[in-house]
Amino acid sequence: MDDKPAIEGGTPVRKERLLFHRPVLGPEEEQAVLETMRSGWITTGRNCAELERRVAAMSGAAHGVAVTSGTAALHVALLCLDLKPGDEVITTAITFAATANMIEAAGARPVFIDVRLSDLNLDPELIAAALTARTRAIMPVHMTGIACDLDPITELARRRGLKVIEDAAHALGTFYKGRPVGSISELTCLSFYATKNVTTGEGGMLVTNDSATAERARRLRWHGIDKEAMGRYGASGFRHTDVMEIGFKYNLSDVLAAIGLVQLDKFPAYQERRKRIAARYDEAFQEEDGLRLLSVPAYCESAYHLYAVMVELERLRVDRDHILNALQQEGIGVGVHFLSLPEQTYYRGKYGYRPGSLPHAERASRSLISLPLNPWLADSDVDDVIAAVKKVLRYYRK
Ligand SMILES: *Cc1c(COP(=O)(O)O)cnc(C)c1O
């Protein structure tokens, strides 16, 4: 085998690029979509109700409210808190833009705290120091599918009268101390985006154990309209609707929910495959000089949404982006989840950022690489990823 990376003129590990992600949809999803299209009902209806029932059950929650995206779920969840300007929501610096963007959209201020390098999740020990008189909620994100340490977060929130909203976009199928994510906090937000472990193309869901919160969320996803309200005032026959507050147009289509229902049938087998692939990567990279792996804490069963590693820059002659490009040239699709959010233009401009203030997030932001982790990967694909990573690191190690 050629030892020189393709980016340096060598021969690539693969001629045809292995995609970082491709959704796996089959004839079963096609059939379900077709049936819904022909049924005469394509907006929110029976399929959404069924998806809500099944996802809530998987999450150990009493209620599910299907929406158009994980972002919409976060928006609605935050609106349920009735935040006021100046209110603060504590969240993590390493997350997708949606988490903090929706805190802004709900009129509050995101307060970013640092992560643990062992699992990329917000460090619960740093929350107390970030609390102020304006703190209203904590929004943990279960990065890559690894659960945040929820007990100390829940306990602190209880003592200080704060709400907890979980961004579980990566965490359908994650367990914390034997309990499914979704069964623990007031509100948990899921995403069915194209890359997520269960997809509807675009979609999301709020799950909660509180029936009043579920009712409010249902109203907020459809213009703040209460479908029953006018009917309650005694009129028999035609039932009018009533606008109770300003809501949004976030209800999910039954055509998309149909895809999700089939995906749920396939979910257990897909999760098994994800777990096996992650285990193979772990084994191959455990001793790799220049690479730092995440570790799944004993309290958690991961949903294995992403396989993220950090390159140890002090061991290499090049930066992370060069390694990304080198892997792409080897024919391996890669990603970055995520760049530190408080350092990005909008947040830096609005709140300022003092370099060195979130050291772990800065480090993760500059060293993270996500490797392909999909149920459709063949063992030979996984071998190619491992070979490419080892080849590139070997060449650039100091
Ligand atoms: C994907 C994702 C979201 C948003 O989900 P969409 O369905 O794309 O709106 C939110 N948070 C995190 C951490 C995500 O990865």
Side-chain angles (χ1 to χ4, degrees), residues 20-21 23 48 51-52 55 59 64-79 89-106 110 112-113 115-116 119-122 137-148 150 164-174 181-182 185 187-207 217 220-221 248-253 256-257 259-260 263 274 294 302-308 335-342 344 347 361 364-365 368-370 373-374:
F20 176 69
H21 179 79
C48 282
L51 191 69
E52 287 169 346
V55 171
S59 310
V65 180
V67 288
T68 45
S69 68
T71 304
L74 292 169
H75 192 197
V76 166
L78 285 154
L79 291 172
V89 178
I90 292 175
T91 192
T92 171
I94 298 291
T95 182
F96 181 55
T99 318
N101 283 3
M102 289 307 103
I103 295 171
E104 289 277 322
F112 298 103
I113 65 169
V115 297
R116 310 191 294 199
D119 60 12
L120 292 180
N121 282 330
L122 63 76
I138 305 168
M139 195 176 246
V141 182
H142 306 294
M143 276 293 299
T144 77
I146 300 176
C148 292
L150 287 170
V164 178
I165 296 176
E166 296 174 40
D167 180 339
H170 299 182
L172 180 63
T174 295
V181 160
S185 302
L187 275 160
T188 298
C189 303
L190 300 164
S191 167
F192 308 134
Y193 179 63
T195 60
K196 301 287 156 64
N197 287 22
V198 162
T199 186
T200 57
E202 296 282 358
M205 195 178 292
L206 295 100
V207 294
L220 284 165
R221 83 169 166 186
F248 291 82
K249 177 62 177 146
Y250 284 159
N251 58 301
L252 187 67
S253 159
L256 299 181
I259 300 173
Q263 290 266 296
R274 285 178 181 277
L294 301 186
S302 176
Y304 296 100
H305 172 56
L306 295 168
Y307 194 88
V336 173
H337 302 86
F338 297 95
L339 296 181
S340 165
L341 213 41
Q344 298 190 30
Y347 290 103
S365 190
L368 277 168
I369 295 178
S370 298
L373 177 59
N374 291 290

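All values reported here derive from a predicted model rather than from experimental measurement. Order of listing sets the numbers, starting from 1, for every ligand and every atom in it.
The atoms of ligand 1 that sit less than 4.0 Å from any heavy atom of Val141 are 13 (C). Which parts of ligand 1 touch Thr95 is read off a 4.0 Å heavy-atom cut-off, strictly below it: atoms 13 (C). Taking every non-hydrogen atom of Phe338 and a distance limit under 4.0 Å, the qualifying atoms of ligand 1 come out as 15 (O). Close contacts between ligand 1 and Ser69 involve ligand atoms 7 (O), 9 (O) [criterion: under 4.0 Å to a heavy atom].
The protein heavy-atom contact nearest to atom 11 (N) of ligand 1 is Asp167 OD2, 2.8 Å. Nearest protein heavy-atom contact of atom 5 (O) of ligand 1 is Ser191 OG, 3.2 Å. Counting only heavy atoms of the protein, atom 4 (C) of ligand 1 lies nearest to Thr71 OG1, 3.7 Å.
A donor-acceptor pair is defined here as one N or O able to donate and one able to accept, closer than 3.5 Å; such a pair exists between the side chain of Thr200 and the backbone of Glu202.
Summarising the contacts of atom 2 (C) of ligand 1 with Lys196, Met102, His75, the nearest heavy atom is found in Lys196. Relative to atom 13 (C) of ligand 1, the option among His170, Met139, Met143 with the closest non-hydrogen atom is His170.
Within 6.0 Å of OH in Tyr193 there are 12 or fewer heavy atoms belonging to other residues, nucleotides or ligands.
The shortest heavy-atom contact between His305 and Thr195 is CE1-O, 3.2 Å.
Residue-to-ligand polar distances keep Leu74 apart from ligand 1: every N/O pair is separated by 3.5 Å or more.
Put simply, no part of Cys189 is less than 4.0 Å from ligand 1, judged by heavy atoms.
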